[in-house]
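Can you read through this structure? Questions will come right after.
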Amino acid sequence: MSVTVRIPTQLRTFTEGASEVEASGATIGDLVTELGRRHPGITERIVDEAGALRRFVNIYLDEEDVRFLKNLETEVPEGAKVSIIPAVAGG
Amino acid sequence: MANFRELLKQLKQEIDEPTAEVVRARLEAGEPLRLLDVREDDEVAGGILPGAAHLSRAHFESRIEDVVPDKNSEVVVYCASGVRSVFSAKTLKDLGYTNVSSMAGGFNRWRDLGFDFSVPRMLDASERERYARHIILPQVGEEGQLKLLDSKVLVIGAGGLGSPALLYLAAAGVGTIGIIDNDVVDDSNLQRQVIHSTDRIGVLKAESAKQTIKGINPDVNVEIHAFRLDASNVTEVISQYDVIVDGTDNFDTRYIVNDAAVPLGKPVIHGSIFRFEGMVSTFVPGDGPCYRCLYPEAPPPELAPSCSEAGVLGVLPGIVGSLQANEALKLLIGYGDPLVGRLLTFDAQSTRFAEVKVRKDPHCSVCGDVQVPETVPAAAPATV
């Protein structure tokens, strides 16, 4: 499934500044792996050494936080919009 | 053409006129009567029936549908002696209200019988002038403005987000505004921290903010807390306020505030920014998720560059901090739909807002098993 993935400012150094990229994968985990293949270094910022989603990075399938679905196992339907939204602290 | 007395007599045949004794007995029996006081402001200042809505005759027709939206509810209108209320009751009938009466003898009879009434806190003439554009909004009104004047808001950080939030909360008439900041104004702040000015470089930010606030609205009581929030002082500080606006610039403080606010039942309005992007959400303990439900842990420092390292567009905190003020006003007055369970994101480069859901995490280390303070012993310790 090819979907649009919204890339936050912090990770755009890995996407040549692009705020949205196309990626395909059956699950959110597959998408993250695919993103890493195209944009080396980005995966490590999203998942930890054990391959789990980092606790300060949220991934949304449309409006839903995948931690409240099936985490990285969440299936990605065609045409879905995936957004990566990490915590920021600036004020 | 009927004269005044003839018209009154005619209307009195058409409108029910229960006595004050009957109205009181029915209220005490718990019957759902809507009391509507149609006297002028200066008369109401001397006392109003408990639970009555006030709508003077000057704005009666234009505002009645906001005050009493349900045309089938039972409305008992009263004035001082029971004359004006007959005319107002007739107007209500003409507007389609189906169950309307006028209390005989009005407020004077009620008071002479020794029945309870309350003396409402009223806006004075200068307040009425200053807040005229608020008062005319049905969602705010005089009652909402009085709530603001009685409310206490703590703004954490008098920086990028705190500047617009403080300016608008002060202008809106929030009665007490607390400012936590132990930093001084630096020239690199002035590109976005619009509550400060060039002549205040080197001045404590909280003090500089207070001076600006006093210039906008001298009636605001400003409390300065010129220290850094930590686990030892957070509970004492935030327990003094109704709503917390979080505009700090670091994760440590954000988690300290969240973890103390949840057991105290204090709403926290979160705003955070990075370069061109910002986010806002409203965390109301017991009513929705908390910041730890959204992000269980802070990133390590090497993955979380600050604004001084990464830069920030000056107008971005202006937008995000204003949204935080908007959330605070809704919570304080009690209208609208706050960002509870919703995270609003803003991208200044594309000028796009987006919204995602924030779920309450049943396993959240802070709010997972916590109940709101009504059912928890007072002074529950902050879990910092």
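In this text the structure is predicted, and so the values were computed from the model without any measurement. Lettering follows sequence order; numbering is per chain, from 1.
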Q) By a 4.5 Å heavy-atom criterion (distance strictly below it), what part of B:Q193 contacts chain A: side chain, backbone, both, or neither? A)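 No part of B:Q193 comes within 4.5 Å of chain A.
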Q | Whether over 12 other heavy atoms sit under 6.0 Å from B:K152 NZ | A |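 Atom NZ in B:K152 is not packed in, count stays at 12 or less.
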(Q) Looking at B:Q191, I'd like to know if its CD atom is crowded, meaning that more than 12 non-hydrogen atoms belonging to other residues, nucleotides or ligands lie closer than 6.0 Å. (A) yes
Q | Test ring-ring contact (aromatic ring centres under 6.0 Å, His included) applied to B:H270 - qualifying residues, sequence neighbours left out | A | B:Y291
Q) In chain order, what residues pass the salt bridge (charged side-chain N to carboxylate O under 4.0 Å, His left out) check against B:K210, with sequence neighbours excluded? A) none
**Q.** Selection from A:V57, A:D62, A:I85, A:D65 maximising heavy-atom pairs under 4.5 Å formed with chain B
**A.**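 Looking at each option in turn, the highest pair count goes to A:I85.
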(Q) Is there a side-chain contact between B:P300 and A:F56 in this structure, where contact means two heavy atoms from C-beta onward sitting under 4.5 Å apart? (A)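 Of all side-chain heavy-atom pairs linking A:F56 with B:P300, at least one is under 4.5 Å.
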Q | Ionic contact status for A:R6 with B:E277, cut-off 4.0 Å | A | yes
(Q) Can you tell me which portion of B:D361 sits under 4.5 Å from chain A's heavy atoms? Options are side chain, backbone, both or neither. (A) both
Q.
So for atom CZ, which belongs to B:R228, do other residues, nucleotides or ligands contribute more than 12 heavy atoms lying within a distance under 6.0 Å?
A. no
Q.
Does any part of the side chain of B:Y295, heavy atoms only, come nearer than 4.5 Å to the side chain of A:R55, both counted from C-beta?
A.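 Side-chain contact under 4.5 Å: no.
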Q | Test item: A:E64 and B:R359 side chains (from C-beta on) under 4.5 Å apart, heavy atoms | A |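 In contact.
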Q: Sort out for me which of B:N250, B:V320, B:D246 touches chain A most, counting heavy-atom pairs under 4.5 Å.
A: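 Option with the top pair count is B:N250.
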Q.
As an exercise, state the distance from NZ of B:K360 to CZ of A:F68, rounded to the nearest 0.5 Å.
A. 10.0 Å
**Q.** Residues of residues 337-348 of chain B with any heavy atom under 4.5 Å of a heavy atom in chain A
**A.** B:L343, B:T345, B:D347
Q: For B:E223, check salt bridge (charged side-chain N to carboxylate O under 4.0 Å, His left out) against everything at least two apart and list the hits.
A: none
Q. Is any side-chain heavy atom of B:M279 closer than 4.5 Å to a side-chain heavy atom of A:V88?
A.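 Result yes, sub-4.5 Å side-chain heavy-atom pair found.
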Q) Are A:N58 and B:L294 side-chain neighbours, meaning at least one heavy-atom pair lies under 4.5 Å? A)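 When only atoms from C-beta onward are counted, B:L294 and A:N58 do touch, with a gap below 4.5 Å.
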Q | Backbone N/O of B:P299 and side chain of A:R54: donor-acceptor pair under 3.5 Å | A | no
(Q) Is it the case that atom CZ in B:R352 sees more than 12 heavy atoms from other parts of the structure closer than 6.0 Å? (A) no
**Q.** Distance (rounded to the nearest 0.5 Å) between A:R12 CZ and B:R275 CZ
**A.** 10.0 Å
Q) What part of B:R254 gets closer than 4.5 Å to chain A, counting heavy atoms only: side chain, backbone, both or neither? A)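 Just the side chain, heavy atoms under 4.5 Å.
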